[in-house]
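Any value given below was found using the heavy atoms of this structure, including those in side chains, with hydrogens, waters and symmetry copies removed.
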Amino acid sequence: MEDLFGHGRGNDDDDGGGDAAPAPGRPAGGGSNTSPRGPLAVRMRPRTLDEVVGQQHLLGQGSPLRQLAAGAGADTSGPAGPTSLILWGPPGTGKTTLAHVIARGTGRKFVELSAITAGVKDVRRVMDDALTARDLYKTTTVLFLDEIHRFNKAQQDALLPGVENRWVVLVAATTENPSFSVVSPLLSRSLLLTLRPLTDADIQGLIQRAVADPRGLGGKVDLTEEALDHLVRLSGGDARRALTALEAAAGVAFGDADDAGEGPVAVELKHTERALDVAAVRYDRAGDQHYDVISAFIKSIRGSDVDAALHYLARMLEAGEDPRFIARRIVISAAEDVGMADPTALQTAVAAAQAVQLIGMPEGRIILAEAVVHLATAPKSNAAYMGINKAIADVRAGLGNGIPAHLRDAHYPGSKQLGHGLGYKYAHDAPHSVATQQYPPDDLAGKDYYQPTANGAERDIAVRLERLRRIVRGK
């Protein structure tokens, strides 16, 4: 057990990627301190870009990351100085890893700040030290700022002089869309790189490497295929979560193993289930995923895929999304996408919204689910939605001049002298309460805005509407 987690080992600091002594030509403090006693995710942190899992779209030959990691443009005083970066991506996709790899270049000093705890004074101190290091020691300072979206405007503005004058190479990491969370001046002075979620194949390769690598588990465990699949599924594309789960499962397996046994300890499905049994839910209520998930939810309802719609509903609820927000979107979907093909869908949606307000969670999930099932399985029509859009377009185009005189208000004194109400036919006096009469302005007479589909209740509405238009228009 001691060997598995690095306790009591000999001289393995280099294998662990640690920096007990600075490498030749490299200032002390650069890179990461990956002690052999550290967590598996830290010990397995890549030391070069070639070891990075995933993100191949950012790692091609000649890419900015390659140049920066190789030390290109180490002289920050010239026009070819290294570019500051903003790394945007989900948790566990390698933002911190890339920062540490960049810092390992020759002539680099690495400083790490967290936007959760750092303030303007901390930033200014780093800038002053970086300017000194550049001018006196010809050393480039790589400032890694984690969770930059937590910095307010004043704190982000404090970074601008160092970034603009290239006193530092800023590598900022964020899980939220920088367009919403990073000030424009800083965004324009940095290169934005978007990291993609790791694939199952990426995670699988990472786990297998950690099992065999001396920095990791060193071949002291034998991971079954079922356990591997379980770890991959539960990781949610998060490398850190995958390695943490692997380490926990190995700990469970060693706890169950017979101390007298020899050879690798088998890590089986039962061990991974005991170590971690809840999949990661990736969702940010204030960022782009908030909009991505709700978009997928509405489109699944529109596409009549009830199972996908329920999945996205569960995903939002488990992530703590406001159920009232979900309910409002369901009401909109009922009117926009189901419409008159099933007029009861809007009634269900409104009732669900009111019930969620009244009851709250967790029982509100049942009500929302019922509304989602109703809408997703209902016949669909956007005819009413398209009809109002066409009518608004004509109004904005200046069509619809005036109101026919016989429809104007005839209740105030002098209105009859203006011809208001003259010739108006009271609909209830006509057969079937439908009178032949012009209702729209002259330039819109005979124009059809509402065009019902042949879906659901609109099939019958279409037949009735044809008769109504024929009578009203006198055709």
Please collect all salt bridge (charged side-chain N to carboxylate O under 4.0 Å, His left out) contacts where either partner lies in residues 155-165, sequence neighbours excluded, each pair once. Lys153-Asp157, Glu164-Arg189
Backbone N/O of Leu40 and side chain of Glu247: donor-acceptor pair under 3.5 Å: yes
Student check: side-chain heavy atoms of Leu159 and Leu145 closer than 4.5 Å: yes
Could you please spell out the steps behind the side chain to side chain contact (heavy atoms under 4.5 Å, CB included) verdict for Gln55 and Leu198? CA-CA 8 Å; Gln55 315 312 332; Leu198 300 182; 3.8 Å; yes
Search all heavy atoms of Arg240 against all heavy atoms of Gly92 and return the closest pair with its distance. NH1-N, 3.8 Å
Hey, mind stepping through Lys380 and Arg302 against side chain to side chain contact (heavy atoms under 4.5 Å, CB included) and telling me if it holds? CA-CA 7 Å; Lys380 304 296 188 296; Arg302 181 182 300 144; 5.6 Å; no
Where Ala158 and Pro161 come nearest, the two heavy atoms and their spacing: O-CD, 3.5 Å
Less than 4.5 Å apart, any side-chain heavy atom of Asn177 and any of His149? no
Donor-acceptor check, side chain of Arg66 to backbone of Ser63, threshold 3.5 angstrom: yes or no? no
Under 3.5 Å, is there a donor-acceptor pair between the side chain of Gln156 and the main chain of Ser181? yes
Main-chain N/O of Arg45 paired to Thr97 side chain as donor or acceptor, under 3.5 Å: no
So Ile102 and Leu85, side chain to side chain contact (heavy atoms under 4.5 Å, CB included) or not? Walk me through it. CA-CA 11 Å; Ile102 290 170; Leu85 304 176; 3.8 Å; yes
If the plane angle is over 60° it's perpendicular, under 30° parallel, otherwise tilted; pick one for His100 and Phe144. tilted
Using modelled atom types and a 3.5 Å cut-off, is there a donor and acceptor pairing between side-chain atoms of Lys95 and backbone atoms of Pro90? yes
Kindly compute the distance separating CD (Glu226) from CD (Glu268), expressed to the nearest 0.5 Å. 9.0 Å
Quick one: does Ser333's side chain have a donor or acceptor within less than 3.5 Å of a partner on Arg329's backbone? no
Closest heavy-atom pair and its distance - Ser84, Val163: OG-CG1, 3.7 Å
Short N-O contact, Asp202 and Arg196, less than 4.0 angstrom: no
Side-chain donor-acceptor contacts of residues 366-378 below 3.5 Å, not counting sequence neighbours, with atom names and distances?
{"from": "His374", "atom 1": "ND1", "to": "Thr348", "atom 2": "OG1", "distance (Å)": "2.9"}
{"from": "His374", "atom 1": "NE2", "to": "Asp342", "atom 2": "OD2", "distance (Å)": "2.9"}
{"from": "Thr377", "atom 1": "OG1", "to": "Val373", "atom 2": "O", "distance (Å)": "2.6"}
{"from": "Thr377", "atom 1": "OG1", "to": "His374", "atom 2": "O", "distance (Å)": "3.4"}

Mind listing the closest non-hydrogen atom pair of Val211 and Val221 along with its distance? CG1-O, 3.6 Å
Counting N and O atoms only, with roles assigned by atom type, does the side chain of Arg43 sit under 3.5 Å from a partner on the main chain of Gly216, one being a donor and the other an acceptor? yes
Smallest heavy-atom separation, Leu98 atom then Leu65 atom, equals CD1-CD1, 4.0 Å
Any donor-acceptor pair under 3.5 Å linking the side chain of Glu51 with the backbone of Arg47? yes
Please check this pair: side chain of Gln67 against backbone of Gly62, looking for a donor-acceptor N/O pair closer than 3.5 Å. yes
Is a salt bridge present between Arg125 and Asp128, judged by a nitrogen-to-oxygen distance below 4.0 Å? no
Do Val182 and Ile86 come within less than 4.5 Å of each other through their side chains, counting heavy atoms only? yes
Side chains of His230 and Thr272 only: does a donor on one sit below 3.5 Å from an acceptor on the other? yes
Residue pair Gln155, Val123: steps toward the side chain to side chain contact (heavy atoms under 4.5 Å, CB included) verdict: CA-CA 8 Å; Gln155 291 170 315; Val123 172; 5.9 Å; no
Step by step, work out the side-chain hydrogen bond (donor to acceptor under 3.5 Å, both in side chains) result for Ser381 and Glu458. CA-CA 8 Å; Ser381 170; Glu458 275 196 327; 2.4 Å; yes
Is there a donor-acceptor pair under 3.5 Å between the side chain of His271 and the backbone N or O of Ala227? no
Which residue, Leu243, Val53, Leu217, Ile207, forms the side chain to side chain contact (heavy atoms under 4.5 Å, CB included) with Met44? Leu243
Show the nearest heavy-atom pair for residues Ile326 and Phe297, with the distance to one decimal. CG2-CE2, 4.1 Å
Are Asp129 and Thr132 linked by a side-chain donor-acceptor pair shorter than 3.5 Å? no
